[in-house]
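All figures in this text were calculated on a predicted structure; none of them were measured in a lab. Per chain, numbering begins at 1; letters A, B, ... match sequence-line order.
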Amino acid sequence: MSLNGLVTSPSGTHAAIRRHDWSWVGAVSDAPRAIAEVERLDPSPRWAVWSASDLRPLLDLGTAPRRVWDCAEVHRLRRGGVDASVQTLWCDRSGLPVSDAPVAPRSDLFDFEENADRAEPESLTTPAGYLRGDALDGSWQTQGLPNDTTRLLTWAHALLEVAEHQQAALAREQGQGSGSASRALATAASESAAALLCLELERAGLPVDRERLVELITNSAGPRPTSLEEELASRAERDAVVLRHLPGRESTDLRNPAQVRALLLAAGIEVRDTRKWTLESFREAHPVVPALLAWRTRERIATTYGWRWLDAHVGPDDRLRGRWAASDGAAGRMTAENGLHNLPAALRPAVRAAAGHRFVRADLGQIEPRVLAAVSGDRALAQATAFPDLYAPVASRLGVDRSVAKVAVLAAMYGQRSGTAGEALAGLRRAYPVAMALLEDAAERGARGEPVRTFGGRLVRTARPGEEGAIVAPPVAAGRGRFARNAVIQGSAAELFKAWAATIRATTGDLGAEIVLCLHDEVLVHVPVEAASECAARVDAALADAARRWLGSEDVRFVADVSVIERWSEAKA
DNA sequence: CGGTGAACGTA
DNA sequence: CGTACGTTCACCGA
């Protein structure tokens, strides 16, 4: 897999390409032609970028390279954590300690004296070998543009060196461990594809039915206020519905947990905290309890998904937009802002395909136990994945009800201690020793503060740097154990999901389809109505393709529920 | 003013 | 409740 370095200038006006035997630099408007030229000569090029967001100027022109190598994402994959600055990547490639590295210049006077380790004006690196500080914010590369493009080309060359170092290191490191080199490289590719997908998700946005959204917000938050007075009146009205149940306590601030606790005490209800889960069992005790719980639901929409949210994040084209991150979570899950990942189910009827379009909605079934079968290589559990309902064969093997088997499997993966899963857990250990050993090994490593790795090789730290292997207090150790146990499954599932999403992106684009939402195990594809059924078929096929490449075999079956819908709420639960 | 915990939405 | 995330709020301490 040959890599090409692709950089853009900070202003987005220029771009440069660096290959071993060929290079190009020029106006970004000419970059699509240069990219096409390379892709004509090289059948499967992979474009290395410092970060997929560098491709924004190209996406603005309506083009994007098909396959990318996102150096920041690959670095996070190999090293864990979130620090993937350009200087950090360079230090990794150069074997330099990151602690001594120059930082990007700030616009204050101190910077002029800061670095004793000054670079020659035309050198990208300092005498000690670090990237110069004024290259980190792009100002060094920009000097001389548009006439002098040599620095941008130098920048592209540095990028290519980093990318090739990463590629070689991944092949080496994984080749030695349990994973294969090809798996590590495949993961780097699909994590990079996810980073590009995140850019596209930001641009596309999630189509909504504005009228319906307005209606649903009005139901919870009241009509759109036109003044601060109206906003406060609307808020007081919501509060009054609860407070009228306890005359004399109208001054209670329902947003203050301590005051709510006092309010409940006046109703004869004593609770440790006022969480929903705690209050749920007191629903019958006093009418103020269900009123309070209903208030919380309305208040959530009023404050977080109300008028302000609508104005700030739903564009004039009726698309909800937010920033996406490809591997922001500790275990490498995708994250999204502005409610894209936690939109209340009550608002889902307002997520509707645009005129002439449909959603192809798909979600992975029983993804976590299937991923456990895959990453552990447990033959017996892998055989269970052949069934559409995995818990059925597990239940029969354990000689328990399906519901018991399900709770036990989930308890094993989450490290649950309470509840009645104990006996079935012992049965699981006998029936699926390989899978259970993987979970327990991860938990033990986590408890010791050691890092764990996902199936695709993502390093997940369980302790702060320098604290690895330290003796920690038992409650902390137990928490880390559960975290590590779950991170291996959750993180590996995230990798499979991203490989699936990347395959969907690659195989449905020609239908005019675009992915508009990724939600951990669920994907929404927006597609012209006439192509919807074909798109649904390809989404289903993409799972088998992605799973085979991800796992390197067909020993574990993954299943998706795929449907063509107009509104997200039509999805079956 | 920034940081923290409570609370709750999603998977 | 078992894990993860993002957002808003009240509170605390500087």
With the threshold set at under 4.0 Å for non-hydrogen atoms, list the residues of residues 265-289 of chain A touching DNA chain B in residue-number order. A:D273, A:T274, A:R275, A:K276
Donor-acceptor pair under 3.5 Å: do we get one between A:N486's side chain and the base of C:dG2? no
When the distance from CD of A:E522 to P of C:dA4 is rounded to whole Å, what number comes out? 22 Å
Among C:dG2, B:dT10, B:dA6, the nucleotide that comes nearest once only the side chain of A:N342 is considered: B:dT10
Mind checking if A:A258 touches a base, just sugar-phosphate, or nothing, with heavy atoms under 4.0 Å? nothing
Only pairs at least two apart or in different chains count here, so list each side-chain hydrogen bond (donor to acceptor under 3.5 Å, both in side chains) that has a residue in residues 433-445 of chain A. A:R429-A:E440
What donor-acceptor contacts under 3.5 angstrom involve side-chain atoms of residues 328-339 of chain A, with partners at least two apart or in another chain?
unit_1	atom_1	unit_2	atom_2	d
A:N338	OD1	A:H313	NE2	3.4
A:N338	ND2	A:H313	ND1	3.1
A:N338	ND2	A:R321	O	3.1

Whole angstrom is fine here: how far is it from CG in A:L347 over to C1' in C:dT7? 14 Å
Mind calculating the distance between CZ (A:R458) and P (C:dA4) to the nearest angstrom? 16 Å
Quick one: salt bridge (Lys or Arg N to Asp or Glu O under 4.0 Å) partners of A:R300, sequence neighbours excluded? none
Need one value for A:E337: base, sugar-phosphate or nothing, where a base atom within 4.0 Å counts as base even if backbone is also close, heavy atoms only. sugar-phosphate
Note: contacts of residues 292-311 of chain A with DNA chain C (heavy atom, under 4.0 Å) are A:R300, A:T303, A:T304
Taking only the side-chain nitrogens and oxygens of A:N256, find out if one of them lies under 4.0 Å from OP1 or OP2 of C:dC11. yes
Would a 4.5 Å heavy-atom cut-off, applied to side chains only, mark A:I217 and A:Y305 as touching? no
Whole-Å distance separating the CE atom of A:M413 from the C1' atom of C:dA4: 14 Å
What's the closest nucleotide to the side chain of A:A330 if the choices are C:dA4, B:dA6, C:dG6? C:dA4
Provide the full list of ring pair (Phe, Tyr, Trp, His ring centres under 6.0 Å) pairs with a residue in residues 210-244 of chain A, sequence neighbours left out, each pair given once. none
By nearest heavy atom, map A:E368 and A:A336 onto DNA chain C; which one lands nearer the 5' end? A:E368
Could you check how far CH2 of A:W324 sits from P of B:dT10, rounded to whole Å? 15 Å
So A:A487, base contact, sugar-phosphate only, or nothing? Heavy-atom distance under 4.0 Å. nothing
Run the side chain to side chain donor-acceptor pair (under 3.5 Å) test on A:D545 and A:T503 for me, step by step, so that the C-alpha distance in whole Å, both residues' side-chain angles and the decisive distance to 0.1 Å come before the verdict. CA-CA 8 Å; A:D545 279 356; A:T503 308; over 6 Å; no
Under 4.0 Å between a side-chain N or O of A:N338 and OP1 or OP2 of C:dT7? yes
What's the CE-P distance between A:M334 and C:dC5, to the nearest Å? 15 Å
Test salt bridge (Lys or Arg N to Asp or Glu O under 4.0 Å) applied to A:R557 - qualifying residues, sequence neighbours left out: none
d(CD, A:Q259; C1', B:dA7) in whole Å: 16 Å
Applying a 4.0 Å non-hydrogen cut-off, can you work out what A:L343 is touching in the nucleic acid: base, sugar-phosphate, or nothing? sugar-phosphate
What's A:D328 touching, base or sugar-phosphate or nothing? Going by heavy atoms closer than 4.0 Å. sugar-phosphate
At under 4.0 Å, does any side-chain N or O of A:R255 touch on OP1 or OP2 of C:dC9? no
The criterion is salt bridge (Lys or Arg N to Asp or Glu O under 4.0 Å); which residues satisfy it with A:R249, sequence neighbours excluded? none
Please name all residues satisfying ring-ring contact (aromatic ring centres under 6.0 Å, His included) with A:H341, sequence neighbours left out, ordered by chain then number. A:W324, A:H520
Side chain to side chain donor-acceptor pair (under 3.5 Å) against A:R255, all qualifying residues, sequence neighbours excluded: A:D239, A:E299
Result block: side-chain N/O donor-acceptor pairs under 3.5 angstrom for residues 204-212 of chain A, not counting sequence neighbours:
unit_1	atom_1	unit_2	atom_2	d
A:D209	OD1	A:E211	N	3.3
A:D209	OD1	A:R212	N	3.2
A:D209	OD2	A:R567	NH1	3.1
A:D209	OD2	A:R567	NH2	3.2
A:R210	NE	A:D318	OD1	2.8
A:R210	NH2	A:G315	O	2.8
A:R210	NH2	A:D318	OD1	3.4

Should A:E514 and A:R203 count as an ion pair when the cut-off is N to O under 4.0 Å? no
Is A:R348 touching bases, backbone alone, or none of the nucleic acid, heavy atoms closer than 4.0 Å? sugar-phosphate
Does anything in residues 213-232 of chain A reach DNA chain B, meaning a heavy atom under 4.0 Å, and if so which residues? none
Under 3.5 Å, is there a donor-acceptor pair between the A:T454 and A:E495 side chains? yes
Within this structure, what is the CZ-to-P distance between A:F483 and C:dC5, rounded to whole angstrom? 7 Å
